[in-house]
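Protein chains get the first letters and strands the later ones, always in sequence-line order, with residue 1 at the start of each. We use all heavy atoms of the structure for the numbers below, so side chains are in, but hydrogens, waters and symmetry mates are not.
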Amino acid sequence: MQRSTQNHRNNHVVHNASLYNKPFVEQFEETPLLVAVLTYVGYGILTIFGYLRDFLRNRGVEKCHVARERDEQKDFVPLYQDFENFYTRNLYMRIRDNWNRPICSVPGAKMDLVERASKDYNWTFEHTGKVVKDVINMGSYNYLGFAENTGMCADSATGSTHKYGVGVGSTRYEMGNLDIHEELEQLVARFLGVESSMAFGMGFATNSMNIPALAGKGCLILSDELNHASLVLGARLSGATIRVFKHNNMVSLEKLLRDAIVHGQPRTHRPWKKILILVEGIYSMEGSIVRLPEVIALKKHYKAYLYLDEAHSIGALGPRGGGVVDYFGLDPKDVDIMMGTFTKSFGAAGGYIGGKRELIDYLRSHSHSSIYATAMSPPVSQQIITSMKIIMGEDDTTLGAERLKQLSENTTYFRRKLREMGFIIYGNDDSPVVPMMLYMPAKIGAFGREMLKRNIGTVVVGFPATPIIESRARFCVSAAHTRDMLDTVSHLSETRTHTCTRHA
Amino acid sequence: MASGQQWVLVEMVQALYEAPAYHLVLEGILILWIIRLLFSKTYKLQERSDLTEKEKEDLIEEWQPEPLVPLMSKDHPSLNYDIVTGPPSHKIIVNGKECINFASFNFLGFLDNERVKQKALTSLRRYGVGTCGPRGFYGTFDVHLELEDRLAKFMKTEEAIIYSYGFATIASAIPAYSKRGDIVFVDEAACFSIQKGLQASRSFIKYFKHNDMEDLERLLKEQEIEDQRNPRKARVTRRFIVVEGLYINTADVCPLPDLVKLKYKYKVRIFLEESMSFGVLGEHGRGVTEHFGVNIDDIDLISANMENAVASIGGFCCGRSFVIDHQRLSGQGYCFSASLPPMLAAAAIEALNIMEEDPEIFTILREKCKHVHKALQEIPGVKVVGEAYAPALHLQLERSSGSRDTDVRMLRSIVDYCLERQIALTLARYLDKEERFLPPPSIRVVVTIEQTEEDIEKAASCIREAALAILK
């Protein structure tokens, strides 16, 4: 069992190493002091310029491109506070061309981008009519390469469209429960190794509609610091008390659990009805993997329930593609609620929840989705069925096993390469999500644009998705990437960034 | 300089001698107090519990949580969904029996339209199925941009934004604009997705009686009086009215011209939810604004889902750029969720094409609705709830038995009776405990353009027989 070195923050030390059957190596290097100072200075300058330009815009000196309220409604209460949009107007607008890039092909390992140009510094975009071909795609969540328009999946989805059409027109509870949905749910349950499962039309909505059905007033939700917006929204809508523990920090979680059980609800001290722990398999902004063996040990000891959101990890981790549970070699029955999405590794859309039969039966009648939301589209369901069968090897080919191996090799190779070049990479060594730190605001825009010039499509993220000084570029490794593509990307990253992104 | 320093020191010592005694004593006590505070142990109030470690362990041992989910009875209706084999088209196979479909929201019959399917297939062969990313990170396809453009042109607004799930559309749009401290006036019969959007927004919600403009005006006047008491707060509190075009729970239409008058009188913004009326009302299918002849710019935001008339998946919001553009960064269901699969967007574009080419279908649909409405009158024991031109009507019991469960069971027997005789109907489903104003139990009857006169006659007579047989 490896131990982390001195550089790392304390919360990433493995506490109970005996629960792990393989080394758990995660690194989150501290921001070097000089870089932090320079980043704050950079933001400070941008803020001053922002105020200056707002002033000029108000005076009419600078042309104002911002859309305005109707004249008839000028005396209404303003719809937006000026300050709310300060960041959008003055910082986001400058580098807006790095996001929302339209594509016009399959989002596979290589894609075609629609070329855009802006004459007024990103306020409006025009399509030049040209297409940028064969851009290496390091941004799409295509972990197993199932985003394809030919092959078994596309053929079966075609057949499904011919047979069923595209829409469903009703909810699951009313007249929208098709036989293909039942088939899908049985397959998902088999894939995960649980008793029963249920599928929903949207991954985000799976969280926001089902957590309220499971927790309510008088319950306690312990949620990781860096949980996704859908988990936070679901927890808020449930009406339960929410307490946040430090990211992936088992000491913090244990302390919260002990305090909660010993002291009960605030003020009345009544015992909590139930405690629900919300964690994700892979955190998409950090690239870290949840410490599942320790979480399960804690949950068993304190009798809490575990809700595991495997949006990014299902299909991408584990020798059989079974997600974090498979990766750590644990029993799926230990996780009370296994949730995941079909968007990332299966090349479709939607989400699922798997667990015991009683849980799923309860959700069938009490989930907001089965009663009020339209059922999943048939060709999308068929795509999931086919791709899942391929991963499980039930289609009599070895395609699934090959892709799983390829993804694992690509991940290890890419991370090692970037680290050798001296970049600061966050996250677990086995996670296909690779965040590369940039820190400075100017670099966010520069990196994104320069990589695009060299035909590589990357994703850059800044505030508010990340802490203000920790902007990063995020690469998503896919089984469809070849070694050459990964080499190209890492070499070009090196030539385009300055020394400040390297190790201190 | 040493001499300078010495000189200052001498001055200090002199000052000490010259100060009055109480002054020195006071300062001495203060210094001792500071030293004590600096060295005393800090404690947090929370941790200061009088429990020993052993007692804590005992408490942890003893605590028993509730089961994760309560036990469900074996014959709960939801455990036995009706299974549809094959496509949910006009002739639908429910639980193995072929029936005429009066239950799917396929108003314009696009669910099994060949043109729509072909376009979806072309898109599938070009893009694959999924988009593998949210709109911000290479999940924006040219199909999405085209669909947004077409929707904006169709509705004659500046801009439109699409979501990948119908339920999430209005549920993400409302919290993007209305925050804590703002006020929202909502009709009591608002659908569940509006209620979830309101809950997520944390604003003050004021319900007015269904379609009762006087009640709404009363609430607005009360708010005006509140405002005069606190004008500073009133200047920053946003107000909204949220209504539906055609209500899904009661199948009647909102009085839009009156609402617009109230809007300008009390300076409130209107959000209109048009899931049931988009593609149904209006000469060209533009919804309730066209039906009443209201200027579309008077409505701040129109939201609709594409799962009813348009027979695809997803939803959209349209309005002026000033309003809609904000959702691109603050609509949760837009920013944090994968985008709509391109084949579903292509299907929606083709449906729009057909709607634009052939505006006759809306008139035909409304005629059929009137026909069905008329045919379902005069059934003993059940009453028809809804406007004559609403495509989704409710059949409620004329006299309730007093218990909701019994009512639901009786209506379910009527539905089963009709399913036996090859008419597919469904009960309108609600989450009993979560709905704010639970509508009475009812059977949902959906009118589609593909139903013929014979179909409608057969359905009406079947329901009449069932009502006579079951509701003696």
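With chain A as partner, the option from B:A168, B:S337, B:G133, B:G136 having the largest number of non-hydrogen pairs under 4.5 angstrom is B:G136. Taking B:L329, B:D325, B:I92 one by one and counting their heavy-atom pairs under 4.5 Å with chain A, the maximum is reached by B:L329.
The contact between B:V323 and chain A is made by backbone and side chain atoms together, counting heavy-atom distances below 4.5 Å. Heavy-atom distances place the side chain of B:F167, and not its backbone, under 4.5 Å from chain A. Residue B:E55: no heavy atom, backbone or side chain, is found under 4.5 Å from chain A. At a 4.5 Å heavy-atom cutoff, B:D182 makes no contact with chain A through either its backbone or its side chain. At a 4.5 Å heavy-atom cutoff, the contact between B:R235 and chain A is made by backbone atoms alone. Only the backbone of B:L427 comes within contact range of chain A, with heavy atoms under 4.5 Å apart.
In this structure, B:Y430 and A:Y372 have tilted ring planes: the angle between them lies in the 30° to 60° band.
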Can A:H366 and B:E434 be said to form a side-chain contact (heavy atoms from CB on, under 4.5 Å), step by step? CA-CA 9 Å; A:H366 289 84; B:E434 305 270 333; over 6 Å; no
What verdict does the ring-ring contact (aromatic ring centres under 6.0 Å, His included) test give for B:F322 and A:Y80, after you've listed the backbone C-alpha separation in whole Å, the side-chain angles of each residue and the deciding distance to 0.1 Å? CA-CA 10 Å; B:F322 174 71; A:Y80 316 116; 5.2 Å; yes
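Without hydrogens or angle criteria, A:K344 side chain to B:C132 main chain gives no donor-acceptor distance under 3.5 Å. Formation of a donor-acceptor pair under 3.5 Å by the B:Y81 side chain with backbone atoms of A:R364 is found in this model.
In summary, the aromatic rings of A:Y141 and B:Y138 are positioned with their centroids too far apart to meet the 6.0 Å limit.
Contact annotation: the side chain of B:D82 never approaches that of A:N177 to less than 4.5 Å [non-hydrogen atoms, C-beta and beyond].
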